[in-house]
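Read the structure below first, then the notes.
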Amino acid sequence: MGWLSLPDPHLPLFIALSSIVLVMFLSIAAFFLEIVRKIGCKHSLERTDASDAFFEDPNSLKKVPCPSIFDNAEKYLSLIVPAYNEEHRLPAALVEMMSYLQKRAAADKSFTYEVLIVDDGSTDKTSKVAFDFVRKYKIDNVRLLLLGRNHGKGEAIRKGMLHSRGELLLMLDADGATKVTDLEKLESQVYATAKNKIDETSNDIRPKLSDIEVSVFGSRAHLEKQALATRKWYRNFLMKGFHLVVLFTAGPGIRDTQCGFKMFTRAAAKKLFTNIRLKRWCFDVEIVYLCKRLNIPMIEVSVNWTEIPGSKVRLTSIAHMLFELTLIRLGYGLGIWKIYI
């Protein structure tokens, strides 16, 4: 007579726990997929949206129509400055920018520029500070775009890029952490890369600089050892972890994806910023990902950088960054987010 095996007393508990874990996993997956789907649907409506139809001119009190990235370039250089509650840090940065730009324009009559400040729903006097500069330097040179409510740095830059007039477009932070003169380092790399692409063309007609796709990223990677020595251990731990996730998401190639000092040709900006979905912290990583998918050359250039008090980045921002990196992997990896060429 064989022995009858008794049922494992822990089996019901194991099955119950397994079911709970499975339900939780499926719920989280459904949550992420629904967010990815909604972002994709919203982007299809906003991709070439021209709802920001006018700039306000404080001198004439007239409304100036917004240009489009799809128009021909009217300026040589556009500087896009996202600003959220920057009434204290913005003035010094704008003074430095305008001093440099005016001196360069005086020395080179072919050099034309615009500074486009994008107020991302500030609740302080950021717009008043910006309007003072528009009033002083005229709306042809300095413009303010009001987003009404806070969307995030990525959206502020996207809007600024889509309404810029330059052959070259530079995004830079409102705190002035990177000296504006460093744009010449990025500019020289744009020209070097563009020259190589022009030399490769077999056509008799030479393409214009604005028609060649190039992106150049300012980098603080050379300052990493110094930063590691001055930051607290848990911030270093979190940043190292974040960089590993970035590497998994966007792949190798760019060591410092988060530096806010980046330059694009008009053709590159047109492709990148009509495709970008993320509105807050990790839009930089999405730019790197899109550059690779769209075969837009990326060059990383070391820039000077100074820690300016008043940063908006908090430890909780890391969690939101990881959330956005997950959205990138799901959105593009599953083909939910279409890339427009």
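Just so you know, residue 1 is the first one in the sequence shown, and it goes up from there.
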**Asked** With sequence neighbours excluded, what pairs up with K279 under the salt bridge (Lys or Arg N to Asp or Glu O under 4.0 Å) test?
**Response** E46, E155
**Asked** Are the side chains of V95 and F133 in touch, meaning some heavy atoms are under 4.5 Å apart?
**Response** yes
**Item:** Y332 reachable from I341 in the ILVMFWY side-chain graph, under 4.5 Å edges
**Value:** yes
**Request:** State, yes or no, whether a side-chain contact exists between I35 and L327 at a heavy-atom distance under 4.5 Å.
**Result:** yes
Under 3.5 Å, which donor-acceptor pairs do the side chains of residues 114-122 form with other protein atoms, sequence neighbours left out?
unit_1 : atom_1 : unit_2 : atom_2 : d
E114   : OE1    : R165   : NE     : 2.9
E114   : OE1    : R165   : NH2    : 3.0
E114   : OE2    : S78    : OG     : 2.6
E114   : OE2    : R165   : N      : 2.6
D119   : OD1    : G121   : N      : 3.4
D119   : OD1    : S122   : N      : 2.9
D119   : OD1    : S122   : OG     : 2.6
D120   : OD1    : H151   : N      : 2.8
D120   : OD2    : N150   : ND2    : 2.9
D120   : OD2    : G152   : N      : 2.8
S122   : OG     : N85    : N      : 2.8

**Prompt:** What residues, two or more places apart in sequence or in another chain, satisfy side chain to side chain contact (heavy atoms under 4.5 Å, CB included) together with K62?
**Reply:** S60
**Prompt:** What residues form a side-chain hydrogen bond (donor to acceptor under 3.5 Å, both in side chains) with N295, not counting sequence neighbours?
**Reply:** none
**Message:** How close do S215 and P297 get, counting heavy atoms only, and between which atoms?
**Reply:** OG-O, 2.8 Å
**Request:** Please examine the side chains of M171 and F261, heavy atoms only from C-beta on, and report whether any two atoms are closer than 4.5 Å.
**Result:** no
**Prompt:** Taking side chain as C-beta onward, heavy atoms only, is L170 less than 4.5 Å from L186?
**Reply:** yes
**Gap between atom CE of M97 and atom NZ of K179 - 0.5 Å precision** = 11.0 Å
**side chain to side chain contact (heavy atoms under 4.5 Å, CB included) partners for A194, two or more places apart** = L209, I212
**Message:** Using the side-chain hydrogen bond (donor to acceptor under 3.5 Å, both in side chains) criterion, which residues pair with Y76? Sequence neighbours excluded.
**Reply:** E187, Y191
**Prompt:** How long is the gap from OG1 on T265 to NZ on K270, to the nearest 0.5 Å?
**Reply:** 10.0 Å
**Item:** salt bridge (Lys or Arg N to Asp or Glu O under 4.0 Å) partners of K195, counting only residues at least two apart
**Value:** D199
**Prompt:** For M24, what are the other residues in its hydrophobic cluster, where any two members join if their side-chain heavy atoms are less than 4.5 angstrom apart?
**Reply:** I20
**Request:** Could you tell me whether K128 and E87 have a side-chain N and a carboxylate O separated by less than 4.0 Å?
**Result:** no
**Request:** Could you list the residues that satisfy side-chain hydrogen bond (donor to acceptor under 3.5 Å, both in side chains) with E96, not counting sequence neighbours?
**Result:** none
**Prompt:** Salt bridge or not for K75 and D140, using N-O below 4.0 Å?
**Reply:** yes
**Prompt:** Taking only residues two or more places apart in sequence or in another chain, which ones pass salt bridge (Lys or Arg N to Asp or Glu O under 4.0 Å) with D256?
**Reply:** R220
**Item:** salt bridge (Lys or Arg N to Asp or Glu O under 4.0 Å) partners of K197, counting only residues at least two apart
**Value:** none
**Smallest separation among heavy atoms of K153 and G260, with atom names** = NZ-CA, 4.2 Å
**Asked** Got a sec, which pairs hit salt bridge (Lys or Arg N to Asp or Glu O under 4.0 Å) with one end in residues 283-304, sequence neighbours left out?
**Response** K262-D284
